[in-house]
Amino acid sequence: MIGESRSAPYGGAMSAAEIERELARLRVNEDGTLGARASVMNLIVVTDEESAVGVTRVVSELSGRYPSRVVLIVSDPDEEEANLEVGLSSFCGLRRGLPGGNQVCAEQIKIHVEGPPARHLESLAGPLLIPDLPVFLWYPNGEVPRSPECDGMAAFADRLILDSGAADDYGASLRGIASLLEESGVPAVGDLQWAALSSWRSLVADLFAPPERAGALTGIQRAQIQHGPAGECQALLFAGWLSSALGWRPLSAARPEGAREFRFAGPSGDVSLELASGLREGALDRVCLFSGEFTFGVQVSRRGDFADARSTVMRGNELVGERTSNMGPSGSDALLGEELGFPGRDETYESTLGRAVEMLD
């Protein structure tokens, strides 16, 4: 959808009715016609001042694929004095398939809130949601909200999107998400670190797709996962998925310099797994699985937000299988888009998270 951005300047506090009137004004075209509101969901984003520009860019890039009523809240509850400012914007353009070439508009409400009002964000966001549309709630900075009994924002969300890898302590973030899932009334939970592993999980599963290799899964004796400096959270989640899917029971964990080592009891005996930090800047770089005479591997080379994966199967020193795949974009907009397209509970993620926390403990 090609179109134009329209905005109203920041102002002080505005009522919900005033905001709706101003958004309607922004949808008026130069010829006096009114662009249709294009919203398939409500997206609430809670962030801080430092991250607001990047988050705004991400949700704007997704407006064509997932037209939404976006409520972007820049929150600073630590300020002593209360302050509330509202900014409104709309992205309007022609969308194919509509009669007469009518314009449709996606809307964004940006609320900058400081002091005591920032401790009750649900009272700000709730009246601005479009009724009868699903509500997605995104915390991009690694924050884990409190249980729905204490946090009104989580209570009215249909899906909660988090980013465990963005936290200063990803282990604490993973434990917090696991604890949240144990509460009653929790919405479906997504994690951008988990979404980033979708291609990896498919590639590794494909290595064992031929019937003659399926038996090698139960014979895995050793695994290595290499990750970049900021990729330990993804590596741990991948290890949790692998061990949970293959029925490995955790036995012990160690932390030698620059690595994590785990031992499991597998169907065919003990299994060792190593998470090691590599030299590349990406999140995950390489996965190797050793099963008897076979070695299964996936290695990635990156070009900006895009990556190519080379999957190999070795029998001893002989290459018996090889494939190169494009893993597609891996930026925050692509990962958030994947989560917005998955409204239900992800039981695989929940079991993987439980295993990852068990490995940490």
Between the CD atom in Q193 and the SG atom in C233, the distance rounded to the nearest 0.5 Å is 4.5 Å
Inset, instruction - Begin from the C-alpha positions of R255 and E261 and carry the test salt bridge (charged side-chain N to carboxylate O under 4.0 Å, His left out) through to its verdict. - result: CA-CA 6 Å; R255 292 213 66 169; E261 294 179 352; over 6 Å; no
Shortest non-hydrogen pair, F156 vs E122, comes out as CE2-CB, 3.8 Å
Given the options T56, L23, L43, Q108 meets side chain to side chain contact (heavy atoms under 4.5 Å, CB included) only with T56
(message) Using side chain to side chain contact (heavy atoms under 4.5 Å, CB included), reason through Q234 and L197 one step at a time and then give a plain yes or no.
(response) CA-CA 7 Å; Q234 281 187 29; L197 295 175; 3.9 Å; yes
The reported gap from CD in Q226 to SG in C288 (rounded to nearest 0.5 angstrom) is 8.5 Å
Q) Considering only heavy atoms from C-beta outward, does the side chain of D158 approach that of N42 to under 4.5 Å? A) no
Query raised in the report: For L128, does its backbone N or O pair with a side-chain atom of R69 as donor and acceptor, under 3.5 Å?
Result: yes
*asked:* If we ignore hydrogens and angles and just use 3.5 Å, is the side chain of E18 paired with the main-chain N or O of S15 as donor and acceptor?
replied: yes
All heavy atoms of L180 vs all of P145, minimum pair found to be CD1-O, 3.8 Å
Under a 3.5 Å distance rule, please check whether D346 uses its side chain to pair with a backbone N or O of T348 as donor and acceptor. yes
- Task: Output, in order, the C-alpha distance, side-chain angles, deciding distance and verdict of side chain to side chain contact (heavy atoms under 4.5 Å, CB included) for L246 and F264.
- Result: CA-CA 11 Å; L246 298 180; F264 302 87; over 6 Å; no
Do any N or O atoms from the side chain of S244 and from the backbone of W241 form a donor-acceptor pair under 3.5 angstrom? no
P77 backbone acceptor or donor facing R119 side chain under 3.5 Å = yes
message = Can you confirm whether D76 sits close enough to V74 that some side-chain heavy atom of one is under 4.5 Å from a side-chain heavy atom of the other?
response = no
Tightest non-hydrogen contact, residues A223 and F290, listed as N-CD1, 4.5 Å
Between A239 and L275, the two heavy atoms sitting closest are CB-CD1, 4.0 Å
From the list D191, L137, L340, side chain to side chain contact (heavy atoms under 4.5 Å, CB included) with I161 holds only for L340
Following the transitive rule for hydrophobic clusters with a side-chain heavy-atom cut-off under 4.5 Å over Ile, Leu, Val, Met, Phe, Trp and Tyr, establish whether V55 and L335 coincide in one cluster. yes
When every non-hydrogen atom of P140 is compared with those of V46, the smallest separation belongs to CD-O, 3.2 Å
| task | Indicate whether any N or O donor in one side chain lies under 3.5 Å from an N or O acceptor in the other, for S198 and E338. | result | yes
* Can we say R27 and E107 salt-bridge, meaning some charged N sits less than 4.0 Å from an Asp/Glu carboxylate O? -> yes
Any F296 side-chain heavy atom under 4.5 Å of T312 side chain: no
Rounded to the nearest 0.5 angstrom, the CZ-OG distance for R286 and S301 is 13.5 Å
### Query
Heavy-atom distance under 4.5 Å between the side chains of S164 and I177, does that happen here?
yes
*Flag yes if more than 12 heavy atoms outside E50 fall under 6.0 Å of its CD atom; otherwise flag no.*
no
Rounded to the nearest 0.5 Å, the CZ atom of R315 sits from the CD atom of E318 at a distance of 6.0 Å
- Does a donor on one side chain and an acceptor on the other come within less than 3.5 Å for R323 and S325? yes
Shared hydrophobic cluster for L174 and I225 (ILVMFWY, side-chain gaps under 4.5 Å)
yes
Okay, side chain of S60, backbone of V58: is any donor-acceptor separation there less than 3.5 Å?
no
Item to complete: Output, in order, the C-alpha distance, side-chain angles, deciding distance and verdict of side chain to side chain donor-acceptor pair (under 3.5 Å) for D163 and Y139.
Response: CA-CA 7 Å; D163 189 349; Y139 288 87; over 6 Å; no
Interatomic distance, CG@D206 vs CZ@R201, rounded to 0.5 Å, equals 12.0 Å
Residues R355 and G240: closest non-hydrogen pair is CG-O, 3.6 Å
Q. Would you say the side chain of L162 lies within less than 4.5 Å of the side chain of L160, judging by non-hydrogen atoms?
A. yes
Checklist line | CD/E347: more than 12 non-hydrogen atoms of other groups inside 6.0 Å | finding: no
So do the side chains of W194 and T352 get within less than 4.5 Å of each other, counting heavy atoms only? yes
Quiz item: Should I111 and V71 count as side-chain neighbours, where that means a heavy-atom distance under 4.5 Å?
Solution: yes
If two hydrophobic side chains count as joined below 4.5 Å and joins carry through other members, does L72 share a cluster with F136?
yes
Discussion item. Quick check on the hydrophobic clustering: are I220 and F262 connected, directly or via other members, by side-chain heavy-atom contacts under 4.5 Å?
Written reply: yes
| request: Verify the neighbour count for atom CG of D168: are there more than 12 heavy atoms of other residues, nucleotides or ligands below 6.0 Å? | output: no
Can any side-chain N or O of S268 pair as donor or acceptor with the backbone N or O of T218 at less than 3.5 Å?
yes
To the nearest 0.5 Å, atom CG of L289 lies from atom CG of L242 at 5.5 Å
Would you tell me whether D308 and T324 have side-chain atoms, one donor and one acceptor, within less than 3.5 Å of each other? no
Margin query: So does G344 get a backbone contact from the side chain of R159, meaning a donor-acceptor N/O pair under 3.5 Å?
Written below: yes
**Message:** Starting from Y349, can I reach F342 by hopping between I/L/V/M/F/W/Y residues whose side chains sit under 4.5 Å apart?
**Reply:** no
Practice problem: For R213 and L207, indicate whether the former's side chain and the latter's backbone hold a donor-acceptor pair under 3.5 Å. | Solution: yes
**Item:** Heavy-atom side-chain contact between L84 and M14 under 4.5 Å
**Value:** no
Can you tell whether the side chains of E232 and R260 come within less than 4.0 Å, N to carboxylate O? yes
For a side chain to side chain contact (heavy atoms under 4.5 Å, CB included) check, start with the C-alpha distance between V271 and R222, then their side-chain angles and the critical distance, and finish with the verdict. CA-CA 5 Å; V271 180; R222 186 163 61 94; 5.9 Å; no
Next on the checklist: Evaluate M41 against Y66 for side chain to side chain contact (heavy atoms under 4.5 Å, CB included), listing each step before the verdict.
Outcome noted: CA-CA 8 Å; M41 66 182 69; Y66 297 97; 3.7 Å; yes
